[in-house]
Structure formats: C-alpha cells, structure tokens
K.L.:
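Below are the structure tokens for one structure; questions will follow.
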Amino acid sequence: MTAASFVIPPELVTLLREAQHVAILTGAGTSAESGVPTFREAQTGLWAQYDPQQLATPEAFQRNPRLVWEWYTWRRELVNKAQPNPGHVALVTMEQRLPLFTLITQNVDGMHQRAGSQRVIELHGNINRTKRWNDGAIVEHWHETGASSTPRCPETGSMLRPDVVWFGETLPEAALAAAIEAAQMCDLFFSIGTSGVVQPAASLPMMAQRQETPVVVINPDVLPLTSATLYRIQGTSGQVLPALVQAAWPDAV
Ligand code: BV8
C-alpha cells in the first residue's frame with residue numbers, strides 16, 4: 001500500500017467530531033477497493049462490447065430481456081464475491097459515533113448494508129432484489145427457465161427484472177425525498193467516490209451548499225473544485241475514511 005498522500009484538514013476533523021447531522025452521498029468509487037469495478041469500468045469480457053448506460057434502460061430490456069437479465073446476473077455474482085472494504089467499515093463507525101447520520105448511496109451492490117450500516121438510502125435500488133416487470137412487486141423465488149427470455153413470476157407469469165432504477169426511470173419517491181431533506185438539513189455533507197454525472201443524485205451536494213453547509217469531496221481523481229466544494233481530499237475512500245475516523249475518534253476500534 002503506498003503511503004497515504006492526502007491531507008486531512010484539522011478543522012474538518014473538528015467539524016466532523018462536533019457535527020449533529022452528517023449526510024453522505026456515495027458512488028461506485030466506494031466499492032472499487034472491494035474489487036467491484038465502477039459502473040463504467042465493469043464492462044470486461046463478453047460485456048466489453050456493451051455501453052452500460054445503454055443496457056441499464058427499460059428500452060434495452062424490452063428489446064432483449066435475456067441479455068439484460070444475464071448482464072445483471074453477471075454483475076450480481078461479481079458483487080456477491082466481493083467483501084466490504086475499510087471505507088465501508090469507517091462509515092459504520094461514523095454512524096455509531098454521530099447523533100444523526102444519513103447514508104445516501106447511488107450504488108446498487110448492497111455493500112454498505114453488508115458492512116453493517118443500519119440506515120442506507122438506496123437511490124438506485126439494489127441488484128440483489130428482483131421485481132415483476134409489469135407491476136414492480138418484489139419476487140423472492142422463481143424457476144430458472146434458461147429460455148430465451150427472463151425467468152417468470154411463479155404467480156403471475158410476468159417477466160422478472162432487477163429492482164434497480166434504469167436511466168429514464170424515476171427514483172423511488174421516498175428515498176429521493178429523504179435524501180433531499182438530509183442534504184438540506186445536515187451540518188456537514190460528504191460526496192465520496194462519485195463522478196457526479198448522474199442526476200438527480202449529483203445535485204445533492206449543491207443542495208447542501210445552498211444552505212451554507214460545508215461539503216467535502218473524497219475522490220482520487222482531481223475533480224473540478226466547484227463552488228460547492230469547501231474541502232477536497234484527493235484519495236481513495238478505503239484510505240481517507242479510516243484516517244478521518246481515526247483522527248475524529250482516536251478511541252474508535
Ligand atoms: C431520472 C442503477 C427523471 C442501474 C443507475 C434523458 C432521458 C431520461 C433521463 C435523462 C436524460 N438525460 C439525462 C437524464 C437524467 C439521467 C442522467 O443523469 N443521465 C446522465 C448520464 C446524464 N438520470 C436518470 O435517468 C435518472 N432518472 O432522471 O428520472 C426523468 C425520467 C424520465 C425523463 C427525464 C427525467 C435515473 C438515474 C439512475 C440510473 N441508474 N444505476 C445499474 O446500476 O445498472 S446509475 C449508475 O451510474 C450507478 O448506479 C451509479 O450511480 C452511476 C455511476 O455513477 P458513479 O457512482 O459516480 O460511478 P462512476 O463510475 O461514474 O464514478 C466513480 C467515481 O469514483 C469516479 O469519480 C472515480 O474517480 C471514483 N473512484 C474510483 N476509485 C475510487 C473512487 N473514489 C473513491 N475511492 C476509490 N477507491
């Protein structure tokens with residue numbers, strides 16, 4: 001492991017330790033150190049020929065349900081072979097140490113919950129949940145047909161799809177409302193491991209900044225310092241978050 005080359009501003013440590021409500025937005029970068037490739041890097045092997053943004057749409061599913069179903073089966077196996085990383089664990093400690101902590105994730109891999117985070121707002125659903133294509137009801141068990149289409153709901157015969165939000169689909173209303181409220185009410189906001197491209201998630205840091213709330217961006221990339229970014233820590237979540245937690249709560253296990 002190369003020596004950490006990032007700096008944690010001491011005033012940020014104080015802000016974190018004294019915060020009453022911290023809100024966190026995570027993206028695919030927070031699972032990168034678990035070996036879960038980010039949304040765009042994931043396309044290898046057979047899937048390298050496909051643009052994920054084109055596959056993660058209702059149109060792609062209607063055009064070729066079996067292809068999209070197999071893409072998610074492949075990603076689900078990738079995710080379920082991976083383990084949470086120290087960045088996920090540091091967020092669990094934050095949740096335990098802070099009076100109020102809202103973890104908002106764009107990720108569909110369920111890694112925050114597997115690390116022990118209790119309250120997770122999933123803006124884009126979860127790849128490990130499956131629902132009926134026709135009415136969105138969650139289905140737990142089905143028979144693999146192996147046929148040209150997707151497995152079918154044993155009760156209704158409807159095609160099955162992953163319970164994730166595709167491009168062009170609206171986000172779960174309650175999840176988005178809770179995320180917006182947290183961004184507007186928190187006294188410290190972190191945006192971690194996200195390229196900040198996908199809307200409406202990418203607007204959350206701006207909503208915090210409009211309330212004069214300090215915003216911290218953690219990313220190994222040199223992201224443009226927008227007006228909304230009060231602090232930028234250029235490092236990986238698996239390295240920065242444990243260091244930040246250790247600095248704020250030295251007695252943390
Ligand atoms: C919506 C689930 C209202 C699926 C995902 C035309 C028609 C319709 C909508 C639109 C349109 N034009 C634009 C839109 C809006 C669209 C959108 O934002 N498009 C973008 C591409 C411009 N949004 C939507 O469609 C949303 N719905 O708007 O509804 C509506 C409805 C109809 C019509 C109009 C409006 C729905 C968006 C949800 C899409 N679903 N996921 C699946 O996963 O299969 S989003 C998907 O991409 C992921 O879930 C993830 O959220 C996102 C990728 O973003 P990131 O998480 O940021 O990941 P990325 O790889 O980009 O970046 C990783 C970052 O980590 C990098 O910065 C890297 O430097 C950093 N990193 C790397 N390693 C580390 C690290 N950081 C820390 N540590 C490390 N170790």
Side-chain angles (χ1 to χ4, degrees), residues 1-2 4-6 24-44 47 50-61 67-76 78-79 82 84-91 104-112 120-131 161-173 175-177 179-180 190-206 216-224 226 229 232-244:
M1 175 86 75
T2 52
S5 56
F6 53 83
I24 308 257
L25 172 68
T26 63
T30 54
S31 293
E33 285 154 286
S34 297
V36 179
T38 62
F39 189 64
R40 287 161 188 78
E41 283 165 8
Q43 301 307 98
T44 54
W47 301 106
Y50 296 99
D51 171 0
Q53 210 147 299
Q54 296 308 316
L55 275 184
T57 63
E59 294 77 17
F61 184 75
L67 176 77
V68 174
W69 177 266
E70 286 179 356
W71 180 48
Y72 280 94
T73 303
W74 173 70
R75 288 174 61 195
R76 195 177 300 116
L78 265 184
V79 160
N85 66 62
H88 293 115
V89 176
L91 292 174
I104 306 155
T105 189
Q106 300 175 85
N107 301 337
V108 297
D109 58 24
M111 292 298 263
H112 289 303
V120 182
I121 297 176
E122 292 181 317
L123 290 181
H124 297 156
N126 188 310
I127 200 168
N128 279 310
R129 275 195 310 269
T130 297
K131 64 184 181 183
R161 56 164 286 183
D163 182 23
V164 297
V165 180
W166 281 331
F167 288 98
E169 293 186 322
T170 49
L171 276 60
E173 213 171 303
L176 182 56
I180 291 171
F190 287 81
S191 174
I192 307 170
T194 179
S195 57
V197 168
V198 175
Q199 293 296 353
S203 300
L204 291 169
M206 309 306 161
V216 185
V217 172
I218 299 174
N219 194 311
D221 267 1
V222 182
L223 292 178
T226 66
T229 305
R232 184 187 64 218
I233 305 177
Q234 195 175 339
T236 69
S237 51
Q239 290 188 329
V240 172
L241 288 172
L244 187 57

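Start at 1 and go down the list; that is how both ligands and their atoms are numbered. Heavy atoms only: backbone and side chains are in, while hydrogens, waters and symmetry mates are out.
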K.L.:
Classify the contact between Leu171 and ligand 1 as side chain, backbone, both or neither, using a heavy-atom distance cut-off of under 4.0 Å.
P.N.:
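Side chain only.
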
K.L.:
Tell me which part of Glu169 gets within contact of ligand 1: side chain, backbone, both or neither, using heavy atoms under 4.0 Å.
P.N.:
backbone

K.L.:
Indicate yes or no for a side-chain donor-acceptor contact from Asn107 to the backbone of Asp109 under 3.5 Å, with no hydrogens or angles considered.
P.N.:
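Flag not set: sc Asn107 to bb Asp109 has no pair under 3.5 Å.
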
K.L.:
Quick one: does Ile218 get an N or O within less than 3.5 Å of an N or O on ligand 1?
P.N.:
no

K.L.:
Suppose we measure from atom 80 (N) of ligand 1 to each protein heavy atom; which comes out shortest, and what is that distance?
P.N.:
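Its nearest protein heavy-atom neighbour is Glu33 OE1, 2.9 Å.
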
K.L.:
Determine whether more than 12 heavy atoms belonging to other residues, nucleotides or ligands lie under 6.0 Å from atom CD of Glu173.
P.N.:
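No, CD of Glu173 has 12 or fewer neighbouring heavy atoms, counting only those of other groups under 6.0 Å.
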
K.L.:
With a cutoff of 4.0 Å, is Gly238 in contact with ligand 1, counting heavy atoms of the residue only?
P.N.:
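Contact check Gly238 vs ligand 1: negative.
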
K.L.:
Would a distance-only check, ignoring hydrogens and angles, find a side-chain to backbone donor-acceptor pair under 3.5 Å from Thr57 to Gln54?
P.N.:
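Judged by distance alone, yes, a pair lies under 3.5 Å.
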
K.L.:
Any carboxylate oxygen within less than 4.0 angstrom of a Lys/Arg side-chain nitrogen, looking at Lys131 and Glu169?
P.N.:
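Between Glu169 and Lys131 there is no salt bridge, as every charged N stays at least 4.0 Å from the carboxylate O atoms.
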
K.L.:
Does the gap between the ring centers of Trp71 and Tyr50 come in under 6.0 Å?
P.N.:
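Centroid separation for Trp71 and Tyr50: 6.0 Å or greater.
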
K.L.:
What do we get for Thr194 next to ligand 1 when only non-hydrogen atoms under 4.0 Å count, side chain, backbone, both or neither?
P.N.:
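Both backbone and side chain.
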
K.L.:
When you measure from atom 18 (O) of ligand 1 to each heavy atom in Gln53, Gln199, Arg75, which option holds the nearest one?
P.N.:
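The residue whose heavy atom sits nearest atom 18 (O) of ligand 1 is Gln199.
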
K.L.:
Side chains of Gln106 and Thr194: do they bring a donor and an acceptor to under 3.5 Å?
P.N.:
yes

K.L.:
Report yes or no: does a heavy atom of Gln239 sit under 4.0 Å from some atom of ligand 1?
P.N.:
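Contact check Gln239 vs ligand 1: negative.
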
K.L.:
Measuring from atom 51 (O) of ligand 1, which candidate in Glu122, Gln106, Gln234 has the nearest non-hydrogen atom?
P.N.:
Gln106

K.L.:
Using a strict threshold of under 4.0 Å (side-chain N to carboxylate O), is an ion pair present between Glu70 and Arg75?
P.N.:
no

K.L.:
As a quick check of understanding, evaluate side chain to side chain donor-acceptor pair (under 3.5 Å) for Ser237 and Thr30, giving each step before the final call.
P.N.:
CA-CA 6 Å; Ser237 51; Thr30 54; 5.5 Å; no

K.L.:
Given Val68, Val197, Leu241, which one has a non-hydrogen atom that is nearest to atom 22 (C) of ligand 1?
P.N.:
Val197

K.L.:
Students should be able to answer this: which protein heavy-atom is nearest to atom 74 (C) of ligand 1, and at what distance?
P.N.:
Gly29 O, 3.4 Å

K.L.:
Using heavy atoms and a threshold below 4.0 Å, how should the contact between Ala32 and ligand 1 be classified: side chain, backbone, both, or neither?
P.N.:
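For Ala32, only side-chain atoms sit under 4.0 Å from ligand 1.
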
K.L.:
Heavy-atom contact check, 4.0 Å cutoff: does Asn219 meet ligand 1?
P.N.:
yes

K.L.:
With a 4.0 Å cut-off, strictly under, does atom 47 (O) of ligand 1 pick up any protein heavy atom?
P.N.:
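Within 4.0 Å: yes, protein heavy atom nearby.
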
K.L.:
Out of Gly168, Pro37, Ser203, Ser195, who gets a non-hydrogen atom closest to atom 31 (C) of ligand 1?
P.N.:
Gly168

K.L.:
Side chain of Ser31, backbone of Ser34: donor and acceptor closer than 3.5 Å?
P.N.:
no

K.L.:
Who's the nearest protein heavy-atom neighbour of atom 60 (O) of ligand 1, and how far?
P.N.:
Thr38 CB, 3.3 Å

